[in-house]
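Proteins come first, then strands; the chains are lettered A, B, ... in the order of their sequence lines, and each starts at number 1.
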Protein chains: 2
Amino acid sequence: MRPTVHDIAASAGVSLATVDRVLNRRPGVRAATRAKVEAAIDRLGYVRDVAAANLAKGRVYPLVFILPDSNNSFMHGLHAEVREAIARAAAERTDIRVIEIPAFDPAALVVALDAARAERPAGVALVAIDADEVRDAVARLAEKGVPVVTLVSDLPGSRRDHYAGVDNIAAGRTAASLLGRFLGGRAGPVAVLAGSMLVRDHRERLEGFAAVLQAEFPDITILPVLEGRDEPQRAETLVAATLAAHADLLGLYSLGAGNRGLIAALKAQGGERSLTVIAHELTVHTRAALQDGIIDAVLNQDAGHEVRSAIRILKAKADGLAVVEAQERIRIDIFLRDNLP
Amino acid sequence: MRPTVHDIAASAGVSLATVDRVLNRRPGVRAATRAKVEAAIDRLGYVRDVAAANLAKGRVYPLVFILPDSNNSFMHGLHAEVREAIARAAAERTDIRVIEIPAFDPAALVVALDAARAERPAGVALVAIDADEVRDAVARLAEKGVPVVTLVSDLPGSRRDHYAGVDNIAAGRTAASLLGRFLGGRAGPVAVLAGSMLVRDHRERLEGFAAVLQAEFPDITILPVLEGRDEPQRAETLVAATLAAHADLLGLYSLGAGNRGLIAALKAQGGERSLTVIAHELTVHTRAALQDGIIDAVLNQDAGHEVRSAIRILKAKADGLAVVEAQERIRIDIFLRDNLP
DNA sequence: CTGTTAGCGCGTTCAA
DNA sequence: TTGAACGCGCTAACAG
């Protein structure tokens, strides 16, 4: 049987309360007593039973998730995953509140961050927007000791504790590799459809994509980036125009959301041209397009994994505990028609 | 605050012990009383606090993992992950014992299964071998009410409760799609290196691979399968011979383990020929080969995920609890040089 | 068949 | 500065 606080107390010759004070770094213990207790702790190899501790404390973790109200399938999925987590709240001792804000709006995000801080939650998760005012708001949370996790889109250089999302440069590189190899040496232009160059994940994907094309497939050129703001309608218009303007287009990389519009534009041009298309995020729309052969590969981030990981990490940080690192790595899933889940 | 056993007891007008008996389906409660309690339970929306229950029970989960003693990196990794899990045993209330057996030996597996059963564990995980005597041994465990999870290689038609591994047919199909597209329409033979046609996962990968090649890339032919028994030395010999015999070889699909040997053979033939190579399992060897351009893509199953998932499921089954399905799906990870973790 | 009572391992008053 | 005693939600003797 593993040692308990009783064993420590007995071994150190003090009472339970004193052991507890040492364990929780509370004041009111003489240095000498503290040393005795600490000696006993690592002599016996004591590890605290978190479940019992939480039971005694009646601990719940009030968590705030700040999500954009974007109207695309990926964000809908992310919201759904958070709702799933809320359904598990009792079992996981969490109390999750969601704040919805307009997409791509740093000021709104700052307001939400400050509102969250006022609630003194055990942790905050947010889909970051790359702006200094956002960094400052995150710093204010950090100042209060509130753990912060960025979700899907990161905020480097900020005081966030963790990023639950994919390596977007690697994602862009992967897209370029697949596109280049699928194209098998052909020369010509490819188009890139992004949401907004304001969000870091989109910028990074483009960066990785361009770097690999330039280095390994120099015969493929990239047309000026189309910014669809992750809105299907806008994406459709932009893609349709590009298809009309470039008869020699070889392929397309859709690195943001709003693929419904992209797919509509691709379908509208009929089956005359065979474009190689790589897109991000597996949704009902991209899944169908993959099966129909309209899209050749989909790079995906598992929103469920991201949400569960963010929660695990916020809880662990709140308690100052370690996490299983490998479990928290968010993969870049690559889906072809053949390995759809 | 969510309701507790006390609330149920008060609301139903009975004692704690009676509530507990009803909750745990223990005998010695009149039907009428039971009904009263059950009514109170769903009137108040009671959900049991598993952590508190485990604390009171002093519950630990004795688990048995039966693993082959194969000398290849993937199995080494699997063993390492189980050791990691053993290191977390205290926190997770598990008590994991590993039984090592010779690889590809159904009789040894049956002996291990029966030995495990004698220990009356809370659950058993095994890397299955596709044989009826193994099915029978699994059935004997099921008979005793011991949950069984197959790991890496499944045993369909048996009484196992769950399979923690990838969809191997899909993996084979994916390999064929990548190989076919990377080859870009060229015609010629490709080789397949397997471990053994005795294990189901290898047979299924081959099946999926062959199906897609035949349907979508009919100009690519498959040479007779090489069985390397997942041993590097043997694999090297077989691959070297094939390379020597087929000057027109286009590519190779290594669907088992022992890739060290494959890579050695590929390196030995020098840079004269450019073969397209798809392999399974990301190890130090395949990772290096991917970076060197010797291997073009690696399909991987995350051994850590498989082990953690098996443990979660065994615990949940032992308690009759639900699991987060999406969390337990083992993905087919596709790694190119660009998205290595 | 049902109820009382004493823990599980830990945190937290309240006294001393 | 330290300790005794009670309670978190649940289970398990042991009575009745």
A.B. asks: What is the distance, rounded to the nearest whole Å, between atom CG of B/D20 and atom C1' of D/dG9?
C.D. replies: 11 Å
A.B. asks: In whole Å, I'd like the distance from the CG atom of B/L16 to the P atom of D/dA13.
C.D. replies: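 B/L16 atom CG is separated from D/dA13 atom P by 16 Å.
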A.B. asks: Classify B/V19 by what it touches in the nucleic acid, base, sugar-phosphate, or nothing, heavy-atom distance under 4.0 Å.
C.D. replies: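 Nothing, no nucleic acid heavy atom in range.
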A.B. asks: How would you give the extent of chain A contacts on DNA chain C, as first and last nucleotide 5' to 3' within a 4.0 Å heavy-atom cut-off?
C.D. replies: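 Contact boundaries, 5' end first: C/dG9 to C/dT12.
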A.B. asks: Could you go through the side-chain contact (heavy atoms from CB on, under 4.5 Å) check for B/V37 and B/R34 one step at a time?
C.D. replies: CA-CA 5 Å; B/V37 174; B/R34 178 178 300 275; 5.9 Å; no
A.B. asks: Regarding B/N54, tell me which of base, sugar-phosphate or nothing describes its non-hydrogen contacts under 4.0 Å with the strands shown.
C.D. replies: nothing
A.B. asks: Whether B/R48 contacts D/dT11 is assessed here as follows: a side-chain N or O lying under 4.0 Å from the phosphate OP1 or OP2. Is that the case?
C.D. replies: yes
A.B. asks: Can you tell me how far C1' of D/dT11 sits from CZ of B/R93, to the nearest Å?
C.D. replies: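 Rounded to whole Å, this separation is 13 Å.
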A.B. asks: Output the rounded distance in Å from CG (B/L23) to C1' (D/dG9).
C.D. replies: 11 Å
A.B. asks: Is the Lys NZ or Arg CZ of B/R48 less than 6.0 Å from the centre of B/Y46's six-membered ring, within 45° of the axis?
C.D. replies: no
A.B. asks: Count the heavy atoms of every other residue, nucleotide or ligand shown that sit under 6.0 Å from CZ of B/R26, and state whether that count exceeds 12.
C.D. replies: yes
A.B. asks: With sugar-phosphate meaning primed atoms plus P, OP1 and OP2, does B/G28 contact a base, only sugar-phosphate, or nothing at under 4.0 Å between heavy atoms?
C.D. replies: base
A.B. asks: Quick one: do A/R83 and A/H79 satisfy side-chain contact (heavy atoms from CB on, under 4.5 Å)? Show the steps, please.
C.D. replies: CA-CA 6 Å; A/R83 283 197 300 275; A/H79 275 85; 3.9 Å; yes
A.B. asks: Rounded to the nearest 0.5 Å, how far apart are CD of B/Q301 and CG of B/D167?
C.D. replies: 11.5 Å
A.B. asks: What is the separation between atom NZ on B/K57 and atom P on D/dC8, rounded to the nearest whole Å?
C.D. replies: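 Distance check: B/K57 NZ to D/dC8 P gives 21 Å.
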A.B. asks: If you check every side-chain atom of B/L55, which of D/dG3, D/dC10, D/dG9 has the closest atom?
C.D. replies: D/dG9
A.B. asks: Classify the nucleic acid contact of A/A53 as base, sugar-phosphate or nothing, counting any heavy atom under 4.0 Å across all strands shown.
C.D. replies: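 Sugar-phosphate, backbone atoms only, no base.
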A.B. asks: A/R26 has an atom CZ; how far is it from atom C1' of D/dT1, in whole Å?
C.D. replies: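 Roughly 14 Å, once rounded to whole Å.
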A.B. asks: Could you tell me whether A/D7 and A/R43 have a side-chain N and a carboxylate O separated by less than 4.0 Å?
C.D. replies: no
A.B. asks: For B/A52 and A/P27, find the nucleotide of DNA chain D closest to each by heavy atoms; which residue's nucleotide sits nearer the 5' end?
C.D. replies: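 Taking each residue's closest nucleotide, the earlier one in sequence belongs to A/P27.
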A.B. asks: Separation of B/D49 atom CG from D/dT11 atom C1', in whole Å?
C.D. replies: 13 Å
A.B. asks: Whole Å only: how far is the CG atom of B/D319 from the C1' atom of D/dT11?
C.D. replies: 14 Å
A.B. asks: Does A/S15 have a side-chain nitrogen or oxygen under 4.0 Å from the phosphate oxygens OP1 or OP2 of D/dG3?
C.D. replies: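 Yes, because at least one side-chain N or O of A/S15 sits under 4.0 Å from OP1 or OP2 of D/dG3.
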A.B. asks: Is the closest basic N to carboxylate O distance between A/R159 and A/E143 below 4.0 Å?
C.D. replies: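 The answer is yes: the pair qualifies as a salt bridge.
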